[in-house]
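This report refers to the structure that appears directly beneath it.
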Amino acid sequence: DAKTTQPPSMDCAEGRAANLPCNHSTISGNEYVYWYRQIHSQGPQYIIHGLKNNETNEMASLIITEDRKSSTLILPHATLRDTAVYYCIVRSYNAGNNRKLIWGLGTSLAVNP
Amino acid sequence: EPEVTQTPSHQVTQMGQEVILRCVPISNHLYFYWYRQILGQKVEFLVSFYNNEISEKSEIFDDQFSVERPDGSNFTLKIRSTKLEDSAMYFCASSDPQGRLGTEAFFGQGTRLTVV
């Protein structure tokens, strides 16, 4: 089973920041937080990942709480093309041969005009 | 930007027939994966492949399934005798570029398999 909990759905106005929360209270010290999204049954798209420091790339920012039990994915200026299901996944970074991703149901984000 | 490509995009097959789904992973990646997603359900891990052998597989990946890297570029998933419940989107992914860090997986656009 997935080790994360996410709200099933969220709405966001176009141009505003979308803040997607994720709880991972049982995360262990060697596990990273990965975020992917899936646009309408297309292949999942990698967004960002982090361990304990906040991370930013061209797509999003990832804020991880100090105790690492939760995180927030931030899309700074959401567009209609950001409408998708967003998945938060925890996984060991250097897991030897165990690199599988365990998927939950994610958060369905609707960006509204 | 390099990407994972999958063919065909849609495959219809009769129950009991064999199907082969094809993938071309990103060229310098070392790990390859197959996942599937039944309509309306979660993405499920099937198998990972490294150094020309299966490194991990799920309970779904039974004797009806096999994977192969027949040459330096292709990665295939074979289902020997398809069942109605094999109908799903099948996603190929790859990760771990040779020579540098990065275990994030990159996915293809999927093959929609319909078993009739």
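All of these numbers come straight from a predicted model, not from anything done at the bench.
Partners of B:Asp71 according to the side-chain hydrogen bond (donor to acceptor under 3.5 Å, both in side chains) rule, which considers only residues two or more places apart in sequence or in another chain, are B:Ser73, B:Asn74.
A:Gln45 does not touch chain B: none of its heavy atoms, backbone or side chain, sits under 4.5 Å away. Interface residue B:Gln109: backbone and side-chain heavy atoms are both found under 4.5 Å from chain A.
Residue-environment remark: NE2 (A:His77) stays at or below the threshold of 12 foreign heavy atoms within 6.0 Å. Within 6.0 Å of atom NZ in A:Lys3, more than 12 heavy atoms from other residues, nucleotides or ligands are found, so the atom counts as buried in its surroundings. Within a 6.0 Å sphere centred on NZ of B:Lys42, other residues, nucleotides and ligands contribute more than 12 heavy atoms. At most 12 heavy atoms of other shown residues, nucleotides or ligands fall within 6.0 angstrom of atom CD in B:Glu59. The 12-atom threshold is not exceeded at CZ of A:Arg16, counting heavy atoms of other residues, nucleotides or ligands nearer than 6.0 Å.
At distances below 3.5 Å, at least one donor-acceptor pair connects side-chain atoms of B:Tyr35 with backbone N or O atoms of A:Leu101.
Note: B:Phe107 and A:Trp103 meet the aromatic proximity criterion, with ring centroids under 6.0 Å apart.
Residue with the most contacts toward chain A among B:Gly110, B:Cys92, B:Ser58, B:Ala105: B:Ala105 (heavy-atom pairs, distance under 4.5 Å).
If you take CZ on A:Arg99 and CZ on B:Phe49, they are separated by 15.0 Å, rounding to the nearest 0.5 Å. For the atom pair A:Ile47 CD1 and B:Glu104 CD, the distance stands at 12.5 Å (nearest 0.5 Å).
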